[in-house]
Amino acid sequence: DSLKNPIKNIFARVKPEFLSAKPLSTYPYDKKQLELANMNVLEHLWFDTTTTRLDETTHPFCSSYHTKDVRIATRFESMWVEAIYSSLHEYWHAMYQLQYDPLFDKTPLANLHSMTIHESQSRFRENIIGRSYTFVQHFQSEYTKLGPDFAYHTTDEYYYAINWYDVFPMVLLYNLM
C-alpha cells in the first residue's frame, strides 16, 4: 500500500481515456511494411547501400570493418517504435564511422576514439532530431503504411506514441492495482 498510494495519486491526474486506450505504439504491424518504412526513413537520411547495410538481429548494433563497410543490425520483432528508433540510433553510429577519412583505414586513426562522443551523438540525433515533432510529421506517411490500424491517426498521436511509448508499462501497472 505504501507504494500503491503515491502511484495511484499520480494516475488520478491522468486522463481516463489514456488509461483505457490501447497505445498506438503497441498496435500490431506488418513486418514487411516496417522493414520497408525503416529503409525509406534511412534512405531519406542519406543511407548509402554501397557502404552500409541493414540486417535483422535479436539486439541492435552497429559495426565497422572499414570506412566503406559499416553494418547496422536491428530487430523487427518488438514494438514498431523500437524497431524504427533502434535503426535510427544505429544508423547515427554508422554515420559517425563513415565520416573517417579513408586515408586512415587500417590505422588507429580510423578506429573509435571515444565511446562517449560516439554514443552521445547517436543518442542526440535519435532523441532530439528523430523524436522531434517535425521529424515525426515528415515521416508520418511511412508510419501510416504499417497496417490498417495506422491509417487514421494524426501527427500529434504519432508524436505521442513515439515519445511516450515506454509509459505503457506504467499503464499496465496502474490497471493491475
Side-chain angles (χ1 to χ4, degrees), residues 3-4 6-49 52-62 71-95 119 121-177:
L3 179 62
K4 284 185 179 180
I7 293 173
K8 283 186 175 185
N9 289 338
I10 291 168
F11 279 107
R13 295 182 294 226
V14 177
K15 293 180 180 179
E17 60 269 19
F18 169 73
L19 295 174
S20 61
K22 179 178 179 183
L24 176 59
S25 60
T26 64
Y27 282 15
Y29 56 86
D30 179 280
K31 184 179 173 190
K32 288 289 181 203
Q33 283 301 121
L34 180 59
E35 290 173 12
L36 183 62
N38 233 345
M39 279 306 295
N40 288 342
V41 169
L42 293 178
E43 285 174 355
H44 189 81
L45 299 171
W46 306 289
F47 184 89
D48 181 358
T49 55
T52 314
R53 59 182 284 156
L54 176 65
D55 295 306
E56 187 174 357
T57 187
T58 56
H59 184 79
F61 69 90
C62 174
R71 299 167 190 207
I72 302 169
T74 194
R75 67 173 174 242
F76 295 105
E77 298 302 329
S78 57
M79 291 190 288
W80 67 272
V81 173
E82 286 181 28
I84 289 176
Y85 282 86
S86 65
S87 296
L88 273 176
H89 178 86
E90 299 308 329
Y91 175 66
W92 296 124
H93 280 299
M95 289 297 291
E119 190 64 24
Q121 294 303 299
S122 191
R123 295 286 294 177
F124 176 83
R125 290 174 176 148
E126 172 195 358
N127 293 319
I128 304 303
I129 296 170
R131 294 180 190 273
S132 70
Y133 192 86
T134 303
F135 191 93
V136 171
Q137 186 176 38
H138 185 80
F139 290 108
Q140 181 177 345
S141 62
E142 293 299 329
Y143 309 145
T144 61
K145 299 173 190 171
L146 297 178
D149 296 333
F150 291 86
Y152 305 103
H153 292 280
T154 65
T155 303
D156 288 344
E157 290 170 309
Y158 279 105
Y159 178 77
Y160 184 81
I162 287 166
N163 285 285
W164 297 100
Y165 77 96
D166 55 351
V167 172
F168 185 62
M170 290 299 292
V171 174
L172 288 176
L173 175 66
Y174 173 82
N175 287 328
L176 292 175
M177 292 182 179

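For the single chain, residues carry numbers from 1 onward in sequence order.
For His138, the side-chain contact (heavy atoms from CB on, under 4.5 Å) criterion is met by His44, not counting sequence neighbours. Remark: Thr52 engages no residue in a side chain to side chain donor-acceptor pair (under 3.5 Å) (not counting sequence neighbours). Evaluation of the side-chain contact (heavy atoms from CB on, under 4.5 Å) rule for Glu56 yields Lys31, Glu35, Phe76, Glu77 as partners, not counting sequence neighbours. With sequence neighbours excluded, no residue satisfies side chain to side chain donor-acceptor pair (under 3.5 Å) with Arg123. Remark: Tyr85 engages Val81, Leu88, Glu126, Arg131, Phe135, Val136, Tyr143, Ile162 in a side-chain contact (heavy atoms from CB on, under 4.5 Å) (not counting sequence neighbours). Here Glu142 pairs with Asn40 under the side chain to side chain donor-acceptor pair (under 3.5 Å) rule; sequence neighbours left out.
Remark: side-chain polar atoms of Ser122 are not paired, donor with acceptor, to backbone N or O of Trp92 under 3.5 angstrom. Looking only at distances, no side-chain donor or acceptor of Thr57 sits under 3.5 Å from a matching main-chain atom of Pro60.
Nearest heavy atom pair, residue Ser86 against residue Thr74, reads OG-OG1, 2.7 Å. Of all non-hydrogen atoms in Tyr158 and Ala151, the two that sit nearest each other are OH-N, 4.5 Å. Ala83 and Asn38 get closest at one heavy-atom pair: O-ND2, 3.6 Å. When all heavy atoms of Thr154 and Glu157 are compared, the closest pair comes out as N-OE1, 2.7 Å.
Interatomic distance, Tyr159 OH to Thr134 OG1, rounded to the nearest 0.5 Å: 9.5 Å. Residue Ser87 holds its OG atom at 10.0 Å from CZ of Arg75, rounded to the nearest 0.5 Å. Note that CG of Leu42 is 11.0 Å distant from CD of Glu90, once rounded to the nearest 0.5 Å. The CG atom of Leu36 sits 8.5 Å away from atom CD of Glu43, with the distance rounded to the nearest 0.5 Å.
Contact annotation: the side chain of Asp156 approaches that of Tyr133 to within less than 4.5 Å [non-hydrogen atoms, C-beta and beyond]. For the pair Thr26 and Met79, the minimum side-chain heavy-atom distance is below 4.5 Å.
Defined by atom type and a distance below 3.5 Å, a donor-acceptor pair is present between the side-chain atoms of His93 and Glu119. Between the side chains of Gln137 and Thr155, no donor-acceptor pair of N or O atoms lies under 3.5 Å. Using modelled atom types, one finds no donor on one side chain facing an acceptor on the other under 3.5 Å when comparing Asp149 with Tyr29.
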Go through Met95 and Gln121 one step at a time and tell me if the side chain to side chain contact (heavy atoms under 4.5 Å, CB included) criterion holds. CA-CA 10 Å; Met95 289 297 291; Gln121 294 303 299; over 6 Å; no
Derivation and outcome, side chain to side chain contact (heavy atoms under 4.5 Å, CB included), residues Leu24 and Phe150: CA-CA 8 Å; Leu24 176 59; Phe150 291 86; 4.0 Å; yes
Could you walk me through whether Met39 and Leu54 pass the side chain to side chain contact (heavy atoms under 4.5 Å, CB included) test, one step at a time? CA-CA 8 Å; Met39 279 306 295; Leu54 176 65; 3.6 Å; yes
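Ring pair Tyr91/Phe47 is tilted by interplanar angle, where 30° to 60° counts as tilted.
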